Q: 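Input: one structure, supplied below.
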Amino acid sequence: MKRIGELWQQLLTRDNFRLAFYRTSLGKRGTQDVRTFARSLDKQLSELFEEVRDDRFSFGRFSQFVVYDLKLRVISAPSFRERIVHHAIMNVCEPHLDRWLISDSFACRKV
């Protein structure tokens, strides 16, 4: 497998975090989390960017809820800030990872 360099530098751009916010908020603009974050968007993105850059960001702030879909399931959903970081990572990594997936794998992939 070929090594891919400069991913960390690509991840750590303010434009990448802004794009990640917009992708994360698609279809969720009316939710309280998105509205609260968007009220002070530049400040929030700057703080999030600096936390990731300075290795102060930690994952694991999940909210849990139960759904019944033929059976009882406990869902653990990441916070809105964590989903922004997820999108920022995937903005950079997805093009490189996608080409290594088998051709008949379609879960969570762009068609």
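Here the structure is a predicted model, which is why all the values come from computation and not from measurement.
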Q: Is it the case that the side chain of Ser46 and the backbone of Asp42 share a donor-acceptor pair, with hydrogens and angles ignored and the cut-off at 3.5 Å?
A: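 A pair under 3.5 Å: no.
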Q: If you count the non-hydrogen atoms of other residues, nucleotides and ligands that lie under 6.0 Å from CG in Asp54, is the total more than 12?
A: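 Buried by this count: over 12 neighbours within 6.0 Å.
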Q: For residues Gln64 and Val74, determine if any side-chain heavy atom of one lies less than 4.5 Å from a side-chain heavy atom of the other.
A: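 SC-SC contact between Gln64 and Val74 confirmed.
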Q: Does the side chain of Tyr22 reach to within under 4.5 Å of the side chain of Leu26, using non-hydrogen atoms?
A: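 The answer is no; the side chains never approach within 4.5 Å.
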Q: Going through the checks in order, is the side chain to side chain contact (heavy atoms under 4.5 Å, CB included) test met by Trp8 and Val52?
A: CA-CA 10 Å; Trp8 188 246; Val52 172; 4.1 Å; yes
Q: Begin from the C-alpha positions of Leu72 and Tyr68 and carry the test side chain to side chain contact (heavy atoms under 4.5 Å, CB included) through to its verdict.
A: CA-CA 5 Å; Leu72 198 63; Tyr68 186 81; 4.2 Å; yes
Q: Phe62, Phe65: one ILVMFWY side-chain cluster at the under-4.5 Å cut-off?
A: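 In one cluster: no.
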Q: On a heavy-atom basis, which atom in Leu11 and which in Asn16 lie closest, and how many Å separate them?
A: O-ND2, 3.0 Å
Q: Would you find a donor on one side and an acceptor on the other, under 3.5 Å apart, between the side chain of Glu82 and the backbone of Gly60?
A: yes
Q: Can you check whether Pro78 reaches Arg61 side chain to side chain, under 4.5 Å on heavy atoms?
A: no
Q: Show the nearest heavy-atom pair for residues His87 and Ala20, with the distance to one decimal.
A: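 Closest heavy-atom pair between His87 and Ala20: CB-CB, 3.7 Å.
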Q: Could you state whether Leu45 and Met90 fall into the same hydrophobic cluster, counting links through intermediate Ile, Leu, Val, Met, Phe, Trp or Tyr residues with side-chain heavy atoms under 4.5 angstrom apart?
A: no
Q: State yes or no: do Leu19 and Ile84 share one hydrophobic cluster built from I, L, V, M, F, W and Y residues joined by side-chain heavy-atom distances below 4.5 Å, directly or via other members?
A: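 Unlinked, Leu19 and Ile84 end up in two clusters.
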Q: Apply side-chain hydrogen bond (donor to acceptor under 3.5 Å, both in side chains) to Arg53 and list each qualifying residue two or more places apart in sequence or on a separate chain.
A: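 Checked Arg53 against side-chain hydrogen bond (donor to acceptor under 3.5 Å, both in side chains); zero matches.
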Q: For the atom pair CD (Gln44) and OG1 (Thr36), what is the distance rounded to the nearest 0.5 Å?
A: 8.5 Å
Q: What's the separation between atom CZ in Phe80 and atom OG in Ser25, rounded to the nearest 0.5 Å?
A: 5.5 Å
Q: Could you tell me whether Arg81 and Asp33 make a salt bridge, using a distance below 4.0 angstrom between a side-chain N and a carboxylate O?
A: no
Q: Can you sort out the partners of Phe57 under ring pair (Phe, Tyr, Trp, His ring centres under 6.0 Å), two or more places apart, ordered by chain and number?
A: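 Checked Phe57 against ring pair (Phe, Tyr, Trp, His ring centres under 6.0 Å); matches are Phe59.
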Q: Might you point out which heavy atoms bring Thr13 and Phe49 nearest each other, and give the distance in Å?
A: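 Closest pair (atom of Thr13, atom of Phe49, distance): N-CE1, 3.7 Å.
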Q: Do Glu51 and Val85 have side chains that approach each other closer than 4.5 Å (heavy atoms only, starting at C-beta)?
A: no
Q: Testing the basics here: between Val34 and Lys28, what is the closest heavy-atom pair and its distance to 0.1 Å?
A: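 Closest pair (atom of Val34, atom of Lys28, distance): CG2-O, 3.2 Å.
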Q: Arg56 versus Glu50: any side-chain heavy-atom pair under 4.5 Å?
A: yes
Q: For the atom pair CZ (Arg18) and CG (Leu41), what is the distance rounded to the nearest 0.5 Å?
A: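 Going from CZ on Arg18 over to CG on Leu41, the span is 5.0 Å.
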